[in-house]
Number of protein chains: 2
Amino acid sequence: MVRAGLTLERLTRAGAELADEVGFDQVTVSALARRFDVKVASLYSHLKNSHDLRTRIALLALEELADRGAAALAGRAGKDALGAFADVYRDYAREHPGRYAAAQYRLDPEAAAASAGGRHSRMTRAILRGYDLTEPDETHAVRLLGSVFHGYVSLEAQGGFSHSAPDSQESWSRIVDALDALLRNWPAP
Amino acid sequence: MVRAGLTLERLTRAGAELADEVGFDQVTVSALARRFDVKVASLYSHLKNSHDLRTRIALLALEELADRGAAALAGRAGKDALGAFADVYRDYAREHPGRYAAAQYRLDPEAAAASAGGRHSRMTRAILRGYDLTEPDETHAVRLLGSVFHGYVSLEAQGGFSHSAPDSQESWSRIVDALDALLRNWPAP
DNA sequence: GCATCTGCCTAAAACCTTTAGGCAAATAGT
DNA sequence: ACTATTTGCCTAAAGGTTTTAGGCAGATGC
């Protein structure tokens, strides 16, 4: 009996690929076993259960996204940083729809704490350093940016903006312009 | 054998309740059958399959949301309309998390065409009539508003803004203020 | 009162999840 | 190098969900 060389690492990575190919909610322990040409039960020495698998894929996606965000932010500031960071989200979701869906998977508190969630909000806050916002407005703005990026990308993934003019890329650019303008002129309470 | 009185209508409605109670992705044909105290196979004379059930729940949620939006918009304009409409989304998602999740369910093109999606974008456009936007900026703004509402509500549902100051309600109000300011001063290309 | 139709049933196959227990390959101790 | 232990994948099995096929009885129509 030749060993397949299963590891948590490889299982998670293969799960992420599977998600991109067939959709995150089609990611199943069975499908993963099939992909490694191994019996299903074998995976249960590595994974606690199916929720565990999905959580690990989610954490992977969040890390990858944060890595890309950090790379995009390096050496940029102001609107330049804002646009680059926004594109990271959109491009990642388009390249890796399954992983992006995974990043939305509801994590339990411990997983959430161990996730790259903190890096994401710190990066968003770093972008806002290019604008003159003070607390609590900076926090409101962090939440607004997170909402727009996530919301736009989700709606786009659902096909919300396809088949209608103007095309999605143009709206995306103009929305980034609008957010930049808004952050430069954040209204007083 | 006493008949249970299953109809598409009742099944969809019960499915929506089930979604709110146990989460949309726990909505299963089996669970629904259990709720009607009926054998699973019996539902298949009413429903094509499990995707069909989920689609119908999604359509119901979109209609309900559109109805609430229409009610909120009646007699309002400008920022008043914007804030009321925004609250409709947020309140609906908080009251009916399962239904709101359903409203995000990926519809196939025919279902999407028959959905209340069109009403939603028409209502958003109606709000923008209180601001001086011309095409294509109006469309960009429609997409921005949709993204913010959906994005914020999704992140909030995921627990994104809980356990941290300032509280979510305050951010929500300030974000609506900010959007109003932005729409009044939409940047030229 | 009979015929038809409709609604819910039983049966069954296919697939996914998860647990328990076993054998063989890898690894470590002497 | 040989034994002992650990580790990795296996078989087996139980329980749940999905979906199709075919049947019987209660509701509906003539």
Side-chain angles (χ1 to χ4, degrees), chain A residues 1-60 98-99 101-102 105-108 110-111, chain B residues 1-60 98-99 101-102 105-108 110-111:
Chain A
M1 184 196 319
V2 187
R3 297 200 175 180
L6 304 181
T7 64
L8 254 185
E9 183 76 18
R10 292 186 63 200
L11 288 172
T12 307
R13 205 156 287 286
E17 285 163 21
L18 190 58
D20 285 335
E21 290 166 21
V22 304
F24 182 61
D25 34 45
Q26 310 301 320
V27 171
T28 165
V29 181
S30 297
L32 199 55
R34 237 174 276 130
R35 173 167 286 231
F36 280 96
D37 201 29
V38 136
K39 298 296 170 182
V40 194
S42 307
L43 300 199
Y44 281 85
S45 7
H46 302 273
L47 301 167
K48 242 179 55 219
N49 50 39
S50 137
H51 171 64
D52 183 30
L53 169 62
R54 282 186 254 268
T55 296
R56 286 175 196 283
I57 297 173
L59 294 175
L60 172 68
R99 283 157 147 101
Y105 187 63
R106 196 164 178 54
L107 300 175
D108 20 43
E110 354 115 41
Chain B
M1 184 198 316
V2 186
R3 299 203 173 176
L6 304 181
T7 64
L8 255 185
E9 183 76 19
R10 291 185 64 200
L11 288 173
T12 306
R13 206 157 286 285
E17 285 163 21
L18 190 58
D20 285 334
E21 289 165 22
V22 302
F24 182 61
D25 33 44
Q26 309 300 322
V27 171
T28 168
V29 181
S30 298
L32 200 54
R34 238 173 274 129
R35 174 167 284 230
F36 280 95
D37 202 30
V38 137
K39 297 297 169 181
V40 193
S42 307
L43 300 198
Y44 281 85
S45 8
H46 301 272
L47 300 167
K48 239 177 57 220
N49 51 38
S50 141
H51 171 65
D52 183 29
L53 169 61
R54 283 186 254 269
T55 296
R56 284 175 197 283
I57 297 172
L59 294 175
L60 172 67
R99 282 159 149 101
Y105 187 64
R106 195 164 179 54
L107 301 175
D108 20 43
E110 356 115 39

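A note on names: the letters A, B, ... follow the listed sequences, proteins ahead of strands, and every chain is numbered from 1.
- For B:Ser45, no side-chain nitrogen or oxygen approaches OP1 or OP2 of C:dC8 to under 4.0 Å.
- Using a 4.0 Å heavy-atom distance criterion, B:Ala41 is classed as a base contact.
- A salt bridge links A:Arg13 and A:Glu9; the closest N-O separation between the charged side-chain nitrogens and carboxylate oxygens is under 4.0 Å.
- Atom NZ in A:Lys48 sits roughly 15 Å away from atom C1' in C:dT19 (whole-Å rounding).
- Dashed line: the shortest gap from a side-chain N or O of A:His51 to OP1 or OP2 of C:dT17 is not under 4.0 Å.
- Taking atom CG on B:Leu43 and atom P on D:dA21, their separation rounds to 17 Å, with Å as the unit.
- From B:Leu43, atom CG reaches atom CG of B:Leu6 across 6.0 Å, with rounding to the nearest 0.5 Å.
- Minimum atom distance to the side chain of A:Lys39 is reached by D:dT11, of the listed D:dT18, C:dC9, D:dT11.
- Distance A:Leu6 CG to C:dA26 C1': 15 Å, rounded to the nearest Å.
- Distance, B:Asp25 CG to C:dT17 P: 14 Å, rounded to whole Å.
- Comparing D:dT18, C:dC16, C:dT18 by their closest approach to the side chain of B:Arg54 singles out D:dT18.
- With respect to A:Arg35 and A:Glu17, a salt bridge is recorded, a charged nitrogen being found less than 4.0 Å from a carboxylate O.
- Distance from the side chain of A:Val38 is smallest for D:dC9 among the nucleotides D:dC9, C:dT18, C:dC9.
- Distance B:Asp52 CG to D:dT18 C1': 14 Å, rounded to the nearest Å.
- One atom, CG of A:Leu18, and another, C1' of C:dC16, lie 14 Å apart when rounded to the nearest Å.
- The listed nucleotides are C:dC8, D:dT18, C:dT18; the one nearest the side chain of A:Tyr44 is C:dT18.
- Looking only at atom types and distance, the side chain of B:Ser30 has no donor-acceptor partner in the side chain of B:Arg34 under 3.5 Å away.
- For B:Leu47 and C:dG7, the CG to C1' distance is 14 Å, given to the nearest whole Å.
- Between the CG atom of B:Leu8 and the P atom of C:dC8 there is a distance of 12 Å, rounded to whole Å.
- Between A:His46 and D:dC9 there is a side-chain polar atom (N or O) within less than 4.0 angstrom of OP1 or OP2.
- Side-chain atoms of B:Val27 and B:Leu32, non-hydrogen and from C-beta on, never get closer than 4.5 Å to each other.
- Side-chain N/O atoms of A:Ser30 include none lying less than 4.0 angstrom from OP1 or OP2 on C:dC15.
- The phosphate of D:dT17 (OP1 or OP2) has a side-chain N or O of B:Arg34 nearer than 4.0 angstrom.
- One finds no side-chain N or O of B:Ser50 lying less than 4.0 angstrom from the OP1 or OP2 phosphate oxygen of D:dT17.
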